[in-house]
Amino acid sequence: MDQKWNFVVAANRLPVRRVWEGDTARWVPSPGGLVSALRPVMSGNPDAVWVGWSGIPGAGAEPFETDGFQCHPVGISQGEIQQFYEGFSNATLWPLFHDALVPPEYHRTWWDAYRTVNQRYATTVAELSQPGATVWIHDYHLQLVPGMLRQVRPDLRIGFFLHIPFPARELYIRLPWRTEIINGLLGADLIGLQTPLGVHNFCRSVTRITGAKTTGKVIEHDRMTTQVEAFPIGIDVNRVVGLATDPTVRTRAAEIRRTLGSPTTVLLGVDRLDYTKGIEVRLRAFRELLAEGRLPVDHCVLVQIAEPSRSRVTGYTEVRQAVEQQVGDVNGNFGVMGRPVVHYLHRSHPIEELVAMYLIADVMLVTPLRDGMNLVAKEYVACRTDNSGVLVLSEFTGAAQELRTAELINPHDIEGLKTTMEAAAHRSDTDAEPAMRAMRRVVRTNTAQRWAERFLTRLGKLR
Ligand code: ADQ
């Protein structure tokens, strides 16, 4: 590898995915918050490279250019997908960092694969980086990379951002490899978390595990310092608002509402099908409200869009079965011929279709048991250009720290959730307006692009 770059992003996935048309393959941009957030700093930047997995098992493909910057695929074998990705990343770290909602599994072979893949990323980044380059590493799949990189390239300016929550110390210290992960993260000059609570939890774990001195957000260790701060992620507001005001999308929204039987109230959930998202909780609350006659069966519809996700990981088949059983139960008991009360779509949707759904949703249900941020809540708010609509939002999302005028709920308190959902369904647009207006200000100010800019400016000032 001869060419070197001055700005290197490393993430589990590349910002593009391969699609086949007949026998020819081409790379198309993957949708996603991270890609839009980094577009302004990556697009057309000849000094930037993105290191990540292509999504296809096997050896890494040749590097290529997309949108004016370089992509460098990292190879991940079928066995590593099982042990590094589905295993350690998604059956150990993901549940542990989400309050152990399902029991995390600890397997030494998974840990070995996690270390191996992280080492591969670190080696690749080290080879691609110019002297003194800025490196930005993303998320829980790559927590060892900062430390591994620091050992071979002390000259680099290293930033790390964790997209999921950092758990309470009492949970974190269960991890058999807690010291290795903390030491891996401490290789970074700057660690970004979604919320101040994440920062607090992380610093407490560091103190307990390493004995390092933490002063406010500064951790001193091994003759270097690491800064830890909250950088709540945002969305690409211009793109979402552009779609929300697009006549084609608006026509589609009206069409969907008609297809649903022009109900008085549409309630909506949009999530990856994941046990952290609290989909069962909202279905249960909805069912009880119908049964108690507190929501009118004839005038209310719940649409639940669930993107298929990690179907081979423990906990995901179970959540799917539970959700589908509940949907069947509600429709079996309350639906009439040709008119179900819950419309459940277990598939991915293009953003245009999601925006059309956000436009018809009078009540948006975001009820995770734990979530780093939750971009769906922000997308909904961004779409409500007329300031109508009610956002019911779990206190246990990062978004709840910013969207203070949402209808905040505790997803463990089913009666509280029911009362909030009932009131939300009956709220007039005029009553809902001040809260939505305030949330729209927040979402418009703290965009994805602003988030990236804030993180990189902060990183640029260190060392
Ligand atoms: P996720 O857990 O994936 O992200 P979220 O923040 O809500 O959760 O982002 C999901 C994205 O996928 C949204 O942009 C949404 O539009 C899209 N999406 C959801 N359902 C879809 C469907 N059926 N079809 C197509 N697209 C769909 C992780 C963390 C979050 C954190 C983000 C960003 O778990 O807490 O907010 O990263 O840091």
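In each ligand, atom 1 is the first atom listed, and ligand 1 is the first ligand listed. Because only heavy atoms are used, hydrogens play no part in the values below, and waters and symmetry mates are left out as well, while side chains stay in.
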Minimum distance, heavy atoms only, to atom 1 (P) of ligand 1: which one of Lys277, Met357, His349, His138 is it? Lys277
Between His72 and Gln70: side-chain donor-acceptor atoms closer than 3.5 Å: no
With a cut-off of 3.5 Å and sequence neighbours excluded, list every side-chain donor-acceptor pair involving residues 182-193.
{"residue": "Asn183", "atom": "ND2", "partner": "Thr179", "partner atom": "O", "Å": "3.4"}
{"residue": "Asp189", "atom": "OD1", "partner": "Arg150", "partner atom": "NH2", "Å": "3.2"}
{"residue": "Asp189", "atom": "OD1", "partner": "Arg463", "partner atom": "NE", "Å": "2.8"}
{"residue": "Asp189", "atom": "OD2", "partner": "Arg150", "partner atom": "NH2", "Å": "2.9"}
{"residue": "Asp189", "atom": "OD2", "partner": "Ile158", "partner atom": "N", "Å": "2.8"}
{"residue": "Asp189", "atom": "OD2", "partner": "Arg463", "partner atom": "NE", "Å": "3.0"}

Determine if the distance from atom 3 (O) of ligand 1 to the closest protein heavy atom is below 4.0 Å. yes
Quiz question for you: does at least one protein heavy atom lie closer than 4.0 Å to atom 33 (C) of ligand 1? yes
Heteroatom proximity flag, Gly372 to ligand 1, N/O under 3.5 Å: yes
What about His98: any of its N or O atoms under 3.5 Å from an N or O on ligand 1? no
Students should be able to answer this: which protein heavy-atom is nearest to atom 19 (C) of ligand 1, and at what distance? Val270 CG1, 3.8 Å
Looking only at protein heavy atoms, which one is nearest to atom 11 (C) of ligand 1, and what is the separation? Glu379 OE2, 4.8 Å
For atom 27 (C) of ligand 1, what's the nearest protein heavy-atom neighbour? Residue, atom name and distance, please. Glu307 OE1, 3.4 Å
Decide whether the shortest distance between a heavy atom of Trp451 and an atom of ligand 1 is less than 4.0 Å. no
I'd like to know if Arg347 contacts ligand 1, where contact means a heavy-atom distance under 4.0 Å to any ligand atom. yes
Quick check: Ile305 and ligand 1, any N/O pair under 3.5 Å apart? no
Aromatic contact, Trp53 with Phe84 (centres under 6.0 Å): no
Purely on distance, is any nitrogen or oxygen of Trp94 under 3.5 Å from one on ligand 1? no
Of Thr397, Val366, Leu375, the residue with the heavy atom nearest atom 5 (P) of ligand 1 is Leu375
Would atom 13 (C) of ligand 1 count as contacted, meaning some protein heavy atom under 4.0 Å? yes
As a check for students: among Asp371, Thr276, Leu273, identify the option with a heavy atom nearest to atom 30 (C) of ligand 1. Asp371
Does an N or O anywhere in Phe161 fall below 3.5 Å from an N or O of ligand 1? no
Derivation and outcome, side chain to side chain donor-acceptor pair (under 3.5 Å), residues Glu318 and Tyr275: CA-CA 9 Å; Glu318 291 80 352; Tyr275 52 78; over 6 Å; no
Atom 37 (O) of ligand 1 - nearest protein heavy atom and its distance: His163 CB, 3.9 Å
